[in-house]
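What you see below is based on every heavy atom in this structure, not just the backbone, and it leaves out hydrogens, waters and symmetry mates. Protein chains get the first letters and strands the later ones, always in sequence-line order, with residue 1 at the start of each.
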Amino acid sequence: MVQFGKWLRRQIEQSLPEWQDQFLRYKELKRCVKALSGVCPPLPAEEAEFVAEVDAETEKINSFFLDQEEEFIIRHRELQNDIKRALDPRAAGAVAPAQHEAEVAAIRREIVNFHGVMVLLLNYSSINYIGLAKILKKYDKRTGAMLRLPVMETVLQQPFFKTETVSQLVRECEAMMEAVFPEAPEGQAAAAALAVAEAEQSIFRSTVAALLTMQDVRKGSSTRGSHSLPPLNLPDSDWLRSFEPPFPIPTR
Amino acid sequence: MSARLVGEWNLLSQMERLSTNQLYKSGVPVTIPTSLPSIPASLDESFPRLPDAQIVLMERELRSTPLPPHQTTIAPIRGQFHSNTGSVGPLCSPPSVRFSSLSNPDQYSNHNPYNSQAPSTATSSTLNYGSQYGGFEPSITDFPRDVEPTWCPDPVESILGYSGDVPAGNNVTGTTSIGASDDLTKQTEWWTEFMNEDWKDMVDIPTTTETQQVGQPVQPSISVHQSATQQTVSSQSVEPLAVVAPSPTTGSNTAKARMRWTPELHERFVDAVNQLGGSEKATPKGVLKLMKADNLTIYHVKSHLQKYRTARYRPELSEGSSEKKVASKEDIPSIDLKGSFDLTEALRLQLELQKRLHEQLEIQRSLQLRIEEQGKCLQMMLEQRCIPGTEKVQNAKTTSDSEIPESSTVKDVPENSQNGPTKQTGLVVFVLSWEQMNAIVNFFAKPGQVSSSIW
């Protein structure tokens, strides 16, 4: 089993770059605990110092969480407006279908990403909670105190742990998706349609690949002679190349 | 209340039955952390399958027994539990409860530096503190009554068994949510491992508590420990209150107090802004006036307005660019549609993954809450068993035959003799089961000899 500190560090590294500094500073707190005199029961000054540190960390976490939550609330409302606008039949008729489709596609992506970042904030909350619990336990172990339970009680009341609002926004996001996404293909007929579409996709892609390979092969070689095929210069080759790496799926 | 809790539990177990089923059905690879199977067993061993009667009666007894100021209860938990005596009481009385040998004003004034707010906030944090327990107690009381005695480990077991089932790998989308899913599995592992150790530690507490409570030197350190706890309480509890928007709670009088925005409050904000002619025209002062919300300062409105403006400005930019992109590809709409279809599927999958993660986080959170509650419960019961000469003990002695030893503090508790019949009846029954607890805790005190047969 990986050590908790290491696991936490990896969590933080994998999190969104802007969030890296916002997590509980577990390592520093651990050092604080190690630096304690180990007197059992703990010296008042030491305990006060430790508690102050925990408080400061909690405050930082709260502050960040509330900040994000506020942004989410604003963004949520704006997104709802955007969807209404995009789904409005009048608006749909006013623009070219392709443009409308693009708008809808953009909104879908927006919703999914919004959903994702909110869930990540919930994850952030959870990680910090566990971190706090662990560090308090370390403290108790070192000093023989019983600080963990009372402090954790207050942690349960902290804004960053009271995630109901964000959770609700997440659920509303999921509802939004229903409105904006095409019907999920269900049943055999739909599955068949899906398969056909996928086949078309792969045919298309294979075609593109074949064309490009052909172009490369016929680009011009040193051994060109009268019996060689002329170089193939596809007018759309740049555009075709844009399809080369299998259709871009967002990766981390 | 109780029905709601039962309903909640059903929903929870349903939710994760669903999520598990869905996970299996969807064909997404599911990993079950290997450490999990061991947890339920150990929970079985050390997790108190508290017979309903014990919990219920204990709680009744707690509520009806205000802790007399001069009684010395050492452990912070106890003091806190008994602090729910309403209004301003809680924050003030604990010092008197726990620092019988120290001057209260000193203790209390020490806390003020840790409060960034005026004393009124301290009061309000008291309220918050009180309400925290107001919220807690009924749930403990009602819950066991309506659920079978064996509710503790079983739902927990099933949840633990499932909560680790998060899609560990999905090579279609490599978004951060996947990393988070993997790590959620790990999180659950950490949590359950942590709790597992916790229970073992906790049942060792009787011995440590006993040694700590002997003699004079112990007192000052424990009282400071209390003060530290208090500091934590006061400085941490302040925030939620200051932050509660815009309900008429006390506290949060300084401009720097953190505001917690809610969708409803934001709606009011937007209405006010629209009335003033839009986000560009509206001024913080105007908005504040229109909103008429308590606890809202111009500072809050200003920063919120700034965020609002930014949020509205950027989408306009992005929409413009996406339109440009579309224009260049207008000649080949059919391929575009295919592309977007594929993308849609990818997005749908990403969403599914995120939904799973969300679900698991919710489950984990409920679990954390319940485990904390149980932890408090257990802690309390262990302490009551360990501390000689508690009021309970004394009352028990007066009302029934019991082997509980007398102690000097017995004489310091005159108020308890005035208690009504309900309390005493409750105590009698409690004592009877206390004997059981005694035996159990003694049993647990020997490491490695844990068995669930007692329950």
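Screening His304(B), Arg312(B), Gln306(B) for a side-chain hydrogen bond (donor to acceptor under 3.5 Å, both in side chains) with Tyr308(B), the sole residue that qualifies is Arg312(B).
Annotation: cation-pi geometry satisfied between Arg365(B) and Phe161(A) (NZ/CZ under 6.0 angstrom from ring centroid, within 45° of ring axis).
Heavy atoms closer than 4.5 Å to chain B are found in both the backbone and the side chain of Ser167(A). Both the backbone and the side chain of Leu122(A) have a heavy atom closer than 4.5 Å to some heavy atom of chain B. Residue Ser125(A) does not touch chain B at all, counting heavy-atom pairs closer than 4.5 Å. Interface remark: Phe114(A) contributes no atoms to any contact with chain B (heavy atom separation under 4.5 Å). Contacts of Met177(A) with chain B are made by side-chain atoms alone, with heavy-atom separations under 4.5 Å and no backbone atom involved. Residue Ile127(A) touches chain B through both its backbone and its side chain, counting heavy-atom pairs closer than 4.5 Å.
For the set Val119(A), Thr165(A), Ile74(A), the count of heavy-atom pairs under 4.5 angstrom toward chain B peaks at Ile74(A).
For the atom pair Asp82(A) CG and Arg77(A) CZ, the distance stands at 11.0 Å (nearest 0.5 Å).
For the pair His358(B)/Arg171(A), a side-chain contact is recorded, criterion being any heavy-atom separation below 4.5 Å from C-beta on.
A donor and an acceptor atom, one from each side chain of Thr143(A) and Glu47(A), are nowhere located under 3.5 Å apart.
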Open item on the list: Applying ring pair (Phe, Tyr, Trp, His ring centres under 6.0 Å) to Tyr124(A) and Phe65(A), what does each step give before you reach the verdict?
Closed with: CA-CA 9 Å; Tyr124(A) 164 89; Phe65(A) 184 88; 7.1 Å; no
